Amino acid sequence: MLKEYRTIKEVVGPLMLVEQVSGVTYDELVEIEQANGEMRRGRVLEINGDKALVQLFESSNGLKIDDSKARFLGRGIELSLSMDMLGRVFDGMGEPRDSGPAIIPEVRRDINGEPLNPAARDYPSEFIQTGISAIDGLNTLVRGQKLPVFSGSGLPHAQLATQIARQAKVLGTDEKFAVVFGAVGITFEEANFFISDFRRTGAIERAVLFMNLANDPAIERIATPRMALTAAEYLAYEKDMHVLVILTDLTNYAEALREVSAARKEVPGRRGYPGYLYTDLASMYERAGRVKGKKGSITQLPILTMPEDDITHPIPDLTGYITEGQIILSRELHLRSIVPPINVLPSLSRLKDKGIGKGKTREDHAPTMNQLFAAYSRGKDAKELAVILGEAALSDTDKKFAEFADAFEKQYVSQGNDTDRSIEDTLNLGWDLLKILPRNELKRIRDEMVDKYLPLHEEEQA
């Protein structure tokens with residue numbers, strides 16, 4: 001029996017106080033019915049004795065508390081799940097946004113998920129090909145990994161997200177691959193871009209999209225990533241699919257969390273964010289991974305914009321602690337029309353060594369990756385030295401490294417938003433660029449491997 005109360009005492013902004021309640025739990029869903037039959041929804045934010053603080057999903061404008069009643073539903077927010085979700089677009093609360101029919105659920109799941117026993121986790125080890133050289137070749141994404149993208153305001157992370165969504169695949173398996181895309185607090189134009197790009201390229205056939213717009217309530221913004229992850233868990237662990245979850249922009253999620261925390265009058269932490277920001281982010285990021293005995297997996301690619309491009313800001317800072325690396329977009333490369341503008345030197349994938357090598361990508365992947373990193377770093381140093389002292393101050397070898405750095409950015413990092421490179425293409429391109437350098441400078445690759453691969457590319461050029 002659902003509990004109904006006519007003891008609504010106060011409404012301030014999106015918050016409503018209900019008194020004389022009993023048996024009500026945190027996060028429980030609430031329906032508010034007015035005398036004219038109009039319904040509004042909310043969830044329990046806080047319980048203090050017999051008082052329940054409810055956050056409304058919709059605006060409180062026009063809400064008459066004298067003749068309204070609050071009905072507590074005895075459950076949290078749930079998502080209807082079925083294979084029919086593939087190819088569909090939903091709003092941040094899991095309701096269809098594409099004018100299609102409502103999902104007839106095979107199961108319903110609480111969006112907060114269930115804790116995963118750490119002992120049941122399997123180690124990520126399989127290469128995911130994104131078709132982007134700067135990721136595949138140098139900061140490899142592995143199935144079951146959490147690899148965030150750190151961007152800045154105005155940088156093309158949306159284009160990068162859609163490119164990865166349509167190109168990503170697990171090599172050497174016949175298992176089904178799906179993309180779950182959760183957009184948090186985006187503008188109508190951005191939502192339109194994502195949906196039209198997915199439809200234009202056909203990627204929507206294997207995708208589930210959750211779109212939360214900037215004018216939607218803050219409480220919905222908090223639910224959207226969990227909606228996406230609940231759908232991913234269903235596809236991965238019940239339908240044995242490889243699922244790539246792309247969440248953008250998690251900075252908007254953290255801002256909504258701060259807004260709700262302020263409304264609850266909680267003691268703020270760093271820069272006004274709640275003190276539990278770390279554990280809250282971890283509760284989402286840790287829903288990625290592989291489970292022993294299950295064929296499916298969840299790989300996460302969260303995208304967040306760093307306020308003022310500050311990597312020490314609490315959101316990217318805490319994200320870096322929880323996840324296994326980061327892909328960093330560079331404003332300098334973006335201004336020089338490098339697409340995508342991935343800054344490979346500070347970027348890092350902590351699991352890249354687990355997903356590359358013989359039988360996974362190619363035997364020369366690890367040594368060429370290390371050589372490209374080292375050569376690009378030295379080339380950047382040489383270019384900075386030339387700016388200060390003039391090019392005449394550089395040795396012939398340093399000039400070669402500077403030439404390599406320019407070619408590396410223009411040919412390897414920059415590939416446009418529509419180019420899908422196989423890992424073979426990426427590795428071969430790396431060897432082509434290494435020909436710029438004197439052979440005795442290839443110190444991170446064994447001689448027998450240089451003999452095996454470099455002559456092939458010298459012959460191709462000849």
Side-chain angles (χ1 to χ4, degrees), residues 130-141 145-165 167-168 190 193 246-252 301-321 323-350 352 369-388 401-421 426 429-430 433 436:
T130 64
I132 298 169
S133 293
I135 297 175
D136 293 349
L138 302 172
N139 294 290
T140 313
L141 180 64
Q145 184 177 3
K146 310 176 284 289
L147 187 63
V149 175
F150 291 178
S151 182
S153 179
L155 295 183
H157 48 269
Q159 289 82 349
L160 180 65
T162 53
Q163 185 174 4
I164 292 171
Q167 293 179 179
E190 286 176 304
F193 165 76
I246 299 174
L247 301 172
T248 181
D249 172 356
L250 282 185
T251 299
N252 294 334
L301 205 71
I303 298 171
L304 53 94
T305 51
M306 301 177 289
E308 299 175 359
D309 292 358
D310 179 12
I311 201 167
T312 66
H313 187 276
I315 306 168
D317 187 35
L318 296 177
T319 294
Y321 283 119
T323 54
E324 292 112 13
Q326 67 276 332
I327 303 294
I328 298 177
L329 301 191
S330 161
R331 195 169 297 281
E332 182 208 344
L333 293 178
H334 176 58
L335 293 172
R336 286 164 40 207
S337 302
I338 305 290
V339 181
I342 295 174
N343 192 354
V344 298
L345 293 180
S347 295
L348 169 69
S349 169
R350 293 192 181 98
K352 63 188 174 190
M369 172 180 71
N370 293 335
Q371 186 63 67
L372 289 169
F373 262 123
Y376 180 50
S377 178
R378 184 167 167 187
K380 291 266 286 182
D381 289 344
K383 286 173 67 180
E384 286 173 13
L385 195 63
V387 169
I388 300 166
F401 276 104
E403 180 191 341
F404 170 86
D406 285 332
F408 178 81
E409 288 175 353
K410 289 173 186 168
Q411 297 174 42
Y412 194 97
V413 178
S414 186
Q415 63 179 77
N417 288 129
D418 297 310
T419 305
D420 185 359
R421 288 181 185 156
T426 292
L429 178 57
L433 290 169
I436 295 170

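Keep in mind that what you see is a predicted model, and the values were worked out from it rather than measured. In this chain, residues are counted from 1 in sequence order.
The main-chain N or O of Gly416 is found under 3.5 Å from a side-chain atom of Gln163 such that the two form a donor-acceptor pair. Between the Ser133 side chain and the Val413 main chain, no donor and acceptor come within less than 3.5 Å of each other. In this structure, the side chain of Asn343 does not engage the main chain of Ile328 through any donor-acceptor pair within 3.5 Å. For the pair Ser414 (side chain) and Gln411 (backbone), a donor-acceptor distance under 3.5 Å is absent. With hydrogens and angles disregarded, a donor-acceptor distance shorter than 3.5 Å links the side chain of Gln326 to the backbone of Pro346.
Smallest separation of non-hydrogen atoms from Gly131 and Gln415: O-NE2, 2.8 Å. In terms of heavy atoms, Tyr412 sits closest to Arg421 at O-NH1, 3.0 Å. Nearest heavy-atom pair, Lys383 versus Ala402, reported as atom, atom and distance to 0.1 Å: CG-CB, 3.8 Å. The shortest heavy-atom contact between Ile246 and Ala165 is CD1-CB, 3.8 Å. The two residues Phe404 and Tyr376 come nearest to each other via the heavy atoms CE2-N, 3.5 Å. The two atoms that bring Thr419 and Gln167 nearest to each other are O-OE1, 3.2 Å, heavy atoms only.
In terms of the ring pair (Phe, Tyr, Trp, His ring centres under 6.0 Å) criterion, Phe401 has no residue partners (sequence neighbours excluded). For Ala386, the side-chain contact (heavy atoms from CB on, under 4.5 Å) partners at least two apart in sequence or on another chain are Leu394. Looking at residues two or more places apart in sequence or on another chain, you find a side-chain contact (heavy atoms from CB on, under 4.5 Å) between Glu332 and Ser330, Arg336, Lys380. By the side-chain hydrogen bond (donor to acceptor under 3.5 Å, both in side chains) test, Thr140 is found to be paired with no residue, residues two or more places apart in sequence or in another chain being considered. Residues passing the salt bridge (charged side-chain N to carboxylate O under 4.0 Å, His left out) test with Asp310, sequence neighbours excluded: Arg271. Under the side-chain hydrogen bond (donor to acceptor under 3.5 Å, both in side chains) criterion, Asp136 pairs with Thr130, not counting sequence neighbours. Contacts of Arg378 classified as salt bridge (charged side-chain N to carboxylate O under 4.0 Å, His left out), with partners at least two apart in sequence or in another chain: Asp398, Glu441. In terms of the side-chain contact (heavy atoms from CB on, under 4.5 Å) criterion, residue partners of Asp309 (sequence neighbours excluded) are, by chain and number, Arg331. Partners of Asp418 under the side-chain contact (heavy atoms from CB on, under 4.5 Å) rule, at least two apart in sequence or in another chain, are Arg166, Arg200. Residues satisfying the ring pair (Phe, Tyr, Trp, His ring centres under 6.0 Å) test with His313, not counting sequence neighbours, are Tyr273.
Leu247 contributes atom CG, which lies 12.0 Å from atom CG of Asn252 (distance to the nearest 0.5 angstrom). In this structure, CG on Asn139 lies 4.5 Å from CZ on Phe373, to the nearest 0.5 angstrom. Atom-to-atom distance recorded for Thr162:OG1 and Asn417:CG is 6.5 Å, nearest 0.5 angstrom. Rounded to the nearest 0.5 angstrom, Ile303 CD1 and Leu250 CG are separated by 9.0 Å. The distance from the CZ atom of Arg350 to the NZ atom of Lys352 is 11.0 Å, given to the nearest 0.5 Å. Rounding to the nearest 0.5 angstrom, the gap separating the CG atom in Leu301 from the OG1 atom in Thr248 is 10.0 Å.
With contacts defined as side-chain heavy-atom distances shorter than 4.5 Å, the pair Thr251/Leu304 qualifies. Contact check for Ile342 versus Ile132: side-chain heavy atoms found under the 4.5 Å cut-off. Considering only heavy atoms from C-beta on, Leu138 stays 4.5 Å or farther from Ser347 through its side chain. The shortest distance between side-chain heavy atoms of Val344 and Leu372 does not fall below 4.5 Å.
Contacts classified as salt bridge (Lys or Arg N to Asp or Glu O under 4.0 Å) and involving residues 148-157 (residues at least two apart or in different chains) are not found.
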Do any side-chain atoms of residues 146-158 form donor-acceptor pairs under 3.5 angstrom with protein atoms, and if so which ones, sequence neighbours left out?
residue : atom : partner : partner atom : Å
Lys146  : NZ   : Glu324  : OE2          : 2.7
Ser151  : OG   : His157  : ND1          : 2.8
His157  : ND1  : Leu155  : O            : 3.0

